[in-house]
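Below, chains carry the letters A, B, ... as their sequence lines are ordered, and counting in each starts from 1. Here the structure is a predicted model, which means the values were calculated and not measured.
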Protein chains: 2
Amino acid sequence: MLTLQHLYIIEKITSEGSVTRAAEKLNLTQSALSHQIRDLEAASGVRLFNRIGKKLVLNEAGQRVVTSSQKVLPVIRELEAELKEMREGKKQTIRISTECYTCYHWLPRLLTGFQEDYPGTDIQIVAEATRRPMEYLEAGKLELALVNGTNGNCSLHFEPLFEDRMVALLSDKHPLALRNTPLEFSDMHSETLVAFQISSSNNLLSPDLVSNLSPKKVIHIPMTEAIVEMVRFGMGITVMAEWAARQYLSTGGLTTLPFRSEIGTRHWYACTHKDRSEPLAGLVGRIQAALLGTENPAAA
Amino acid sequence: MLTLQHLYIIEKITSEGSVTRAAEKLNLTQSALSHQIRDLEAASGVRLFNRIGKKLVLNEAGQRVVTSSQKVLPVIRELEAELKEMREGKKQTIRISTECYTCYHWLPRLLTGFQEDYPGTDIQIVAEATRRPMEYLEAGKLELALVNGTNGNCSLHFEPLFEDRMVALLSDKHPLALRNTPLEFSDMHSETLVAFQISSSNNLLSPDLVSNLSPKKVIHIPMTEAIVEMVRFGMGITVMAEWAARQYLSTGGLTTLPFRSEIGTRHWYACTHKDRSEPLAGLVGRIQAALLGTENPAAA
DNA sequence: GTGTTAACATGAGTATTATTCATTGTTTCT
DNA sequence: AGAAACAATGAATAATACTCATGTTAACAC
């Protein structure tokens, strides 16, 4: 059976022009190479070298092997070099995603300065993993996910980050706007919910929240600004984090109503694999320090 | 150290989704694969899989390995398949060259019909090896060379093919044209030789012949037709095989003079490596049978 | 929960393979 | 012909890969 060692040996023999010198370069004995070539020729049933005088010269089949070696060995060497870099922590990428697009508004700011502390560590935000970050994390396509709720998954590690409150954003002319007690799920049963939609099964609200709300009607729109405008003109109510809603209040015509604390509070976690690399742990600590105790990550 | 076996194993684990099933496909035990992965991870110092529950899932480093595997393994498999074909004699190419361009005029005719006898064997004429065919043969870039003279090389095999005679081709108005005894080397000392030139060091005449002729002047021209015309108008004498010169006699104004037999006779051989494959031996036999006894290979 | 299954991990022993050492056989050079 | 350079070979040893038996863990059923 053909092995990489065979390719290494044949490559060196042809580049050095003799078995003896190739053996020296490979820190092996001439005998070892001679046996290897012999075995490979026996196993493949094909002569690879012509014994011309005391020299070995590649024949057609041998040339063919060298051609393949020249394709294969650089790839292998590059791979080994890259694995080595990974081991030494030189080259590492931390791929991040969140369960909520709005998080991307403030996340990048928290990451500034990290590059200086860990110069070899690259950070990538993987937007396509949004809303399914834990699946991506388990599939090895992500190193860090910002999620609200642990989802009962015990094979991953969850580090608490902060808590926020969900509020309803609605027109100040809406009947509910006058209410001065926190909202219950049941309050939404007779209302129209305007929700951000990514795909048919995805919206910006956590699935359990939507199913609990069970509004009379749901309008899906894939643009936040459009949602806010619809809400402003009384076409429905939307639900978002208090810190996200805040920026829209000053634009006029809008008001917010909190949900009752028990049902409207989201617990955010930094979700990683249990065995975290050093830079990843550092990044989580950094994010945690910046966010802990705040209710407004956008200002943290 | 990374081996192809590691790549085979990782590839199968990711395609099958489990170590156990991969082991079955590879006709190995689950334990064997488990050890291999463990050893590779230990040796490279990099985790390749995340142990998520009871499943193994590739992480970034593992993905990187798979990426390289996908480049490497197809090349290896193709190589192995091709070596197998070579072993079974299915795919073999016989690369031929000669020491003399004129041989290409009649060589292809001798090769017709060979394809039917050995359908898996491909024949290529390697023109760039002309004039140095034995070097190419030793370098593994040729399987068969048609040469005149054995060159004292004892590591190659020489099969006699035919003999031909060198003649001088000259204008019938040339003083020498009246001569009725064979030419000696010394006859050329006062003459101008018109010779085919390929490169600065190469001409169609064998090197020893040119040095023996030592003509007064040598004119190199890279076109046979031009040489003949120059000779026809008395601008010099050229030297070629009798069978090659014959075709020009009927065009008028030209005559040939033979060299003395001992110095003008060329012995042609089919030169191969000592261990010849079956189809190559067949081809040599075929050429030999067609040429043996003739002095005019162009008519054989 | 408790058992059961399915999957991977581990350690010890065995089989296989790779390498070395010592030697022989060739070829080339002088 | 002798020496030097190189490759081939066989036997012994070192290294490695693999199996077997068993342990561990997680997921699932009841």
Between [atom2] of [N] and [atom1] of [X], the distance in whole Å:
X: A:Lys12; N: D:dC6; atom1: NZ; atom2: P; answer: 17 Å
X: A:Glu16; N: D:dC6; atom1: CD; atom2: C1'; answer: 15 Å
X: A:Leu56; N: D:dA5; atom1: CG; atom2: P; answer: 18 Å
X: B:Leu4; N: C:dT17; atom1: CG; atom2: P; answer: 16 Å
X: A:Lys55; N: D:dA8; atom1: NZ; atom2: C1'; answer: 16 Å
X: A:Leu58; N: D:dA7; atom1: CG; atom2: P; answer: 13 Å
X: A:Asn50; N: C:dT26; atom1: CG; atom2: P; answer: 18 Å
X: B:Met1; N: D:dT16; atom1: CE; atom2: C1'; answer: 13 Å

Name each donor-acceptor pair under 3.5 Å that joins a side chain in residues 59-66 of chain A to protein atoms two or more places apart or in another chain, with its distance.
from, atom 1, to, atom 2, distance (Å)
A:Asn59, OD1, A:Ala61, N, 3.1
A:Asn59, OD1, A:Gly62, N, 3.0
A:Asn59, ND2, A:Arg47, O, 3.0
A:Glu60, OE1, B:Thr93, OG1, 3.2
A:Glu60, OE2, B:Thr93, OG1, 2.5
A:Arg64, NE, B:Glu82, OE1, 3.2
A:Arg64, NE, B:Glu82, OE2, 2.6
A:Arg64, NH1, A:Ser68, OG, 2.7
A:Arg64, NH2, B:Glu82, OE1, 3.2

**OP:** Might you point out which heavy atoms bring A:Thr130 and A:Cys100 nearest each other, and give the distance in Å?
**Re:** CG2-N, 4.0 Å

Subject >> A:Tyr136 and A:Glu128 side chains, donor-acceptor separation under 3.5 Å >> reply: no

**OP:** Specify the angle, to 10°, made by the local axes at the two ends of the helix from C:dG1-D:dC30 to C:dT30-D:dA1 when five pairs are taken at each end.
**Re:**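 End-to-end axis angle: 30°.
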
Original post:
Does A:Arg51 put a side-chain nitrogen or oxygen below 4.0 Å from OP1 or OP2 of C:dT26?
Top reply: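 No, no such contact exists.
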
**OP:** Report yes if a side-chain nitrogen or oxygen of A:Gln5 is closer than 4.0 Å to either non-bridging phosphate oxygen (OP1 or OP2) of C:dT19; otherwise report no.
**Re:** yes

Side-chain atoms of residues 29-36 of chain A: list all donor-acceptor pairs with protein atoms under 3.5 Å, sequence neighbours left out, distances to 0.1 Å.
from, atom 1, to, atom 2, distance (Å)
A:Thr29, OG1, A:Ala32, N, 3.2
A:Gln36, OE1, A:His6, NE2, 3.2

Original post:
Under 30°, 30 to 60°, or over 60°: which ring-plane class applies to A:Trp268 and A:Phe162, parallel, tilted or perpendicular?
Top reply: parallel

Which pairs of donor and acceptor atoms, one on a side chain in residues 7-14 of chain A, lie under 3.5 Å apart (sequence neighbours left out)?
from, atom 1, to, atom 2, distance (Å)
A:Glu11, OE1, A:Arg77, NH2, 3.0
A:Glu11, OE2, A:Arg77, NH1, 3.4
A:Thr14, OG1, A:Ile10, O, 3.2
A:Thr14, OG1, A:Glu11, O, 2.9

Going from [atom1] on [X] to [atom2] on [Y], what distance comes out if it is rounded to the nearest 0.5 angstrom?
X: A:Glu88; Y: A:Leu83; atom1: CD; atom2: CG; answer: 11.0 Å
X: B:Leu280; Y: B:Glu143; atom1: CG; atom2: CD; answer: 7.0 Å
X: A:Leu292; Y: A:Glu163; atom1: CG; atom2: CD; answer: 9.5 Å

**OP:** Scan residues 28-40 of chain B against DNA chain D and write down, sorted by residue number, each residue with any heavy atom closer than 4.0 Å; if none is found, say none.
**Re:**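 Within this stretch, B:Leu28, B:Thr29, B:Ser31, B:Ala32, B:His35, B:Gln36 sit under 4.0 Å of the strand.
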
Original post:
Where along residues 17-27 of chain A does a heavy atom fall under 4.0 Å from DNA chain D?
Top reply: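 The stretch gives A:Ser18, A:Val19, A:Thr20 as the residues lying under 4.0 Å from the strand, ordered by number.
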
**OP:** Check step by step if side-chain hydrogen bond (donor to acceptor under 3.5 Å, both in side chains) holds for B:Gln92 and B:Ser277.
**Re:** CA-CA 9 Å; B:Gln92 192 185 352; B:Ser277 65; 2.6 Å; yes

**OP:** Begin with the C-alpha distance, continue with both residues' side-chain angles, and end with the deciding distance and a verdict on side-chain contact (heavy atoms from CB on, under 4.5 Å) for A:Lys84 and A:Arg87.
**Re:** CA-CA 5 Å; A:Lys84 194 180 174 191; A:Arg87 167 176 62 240; 3.1 Å; yes

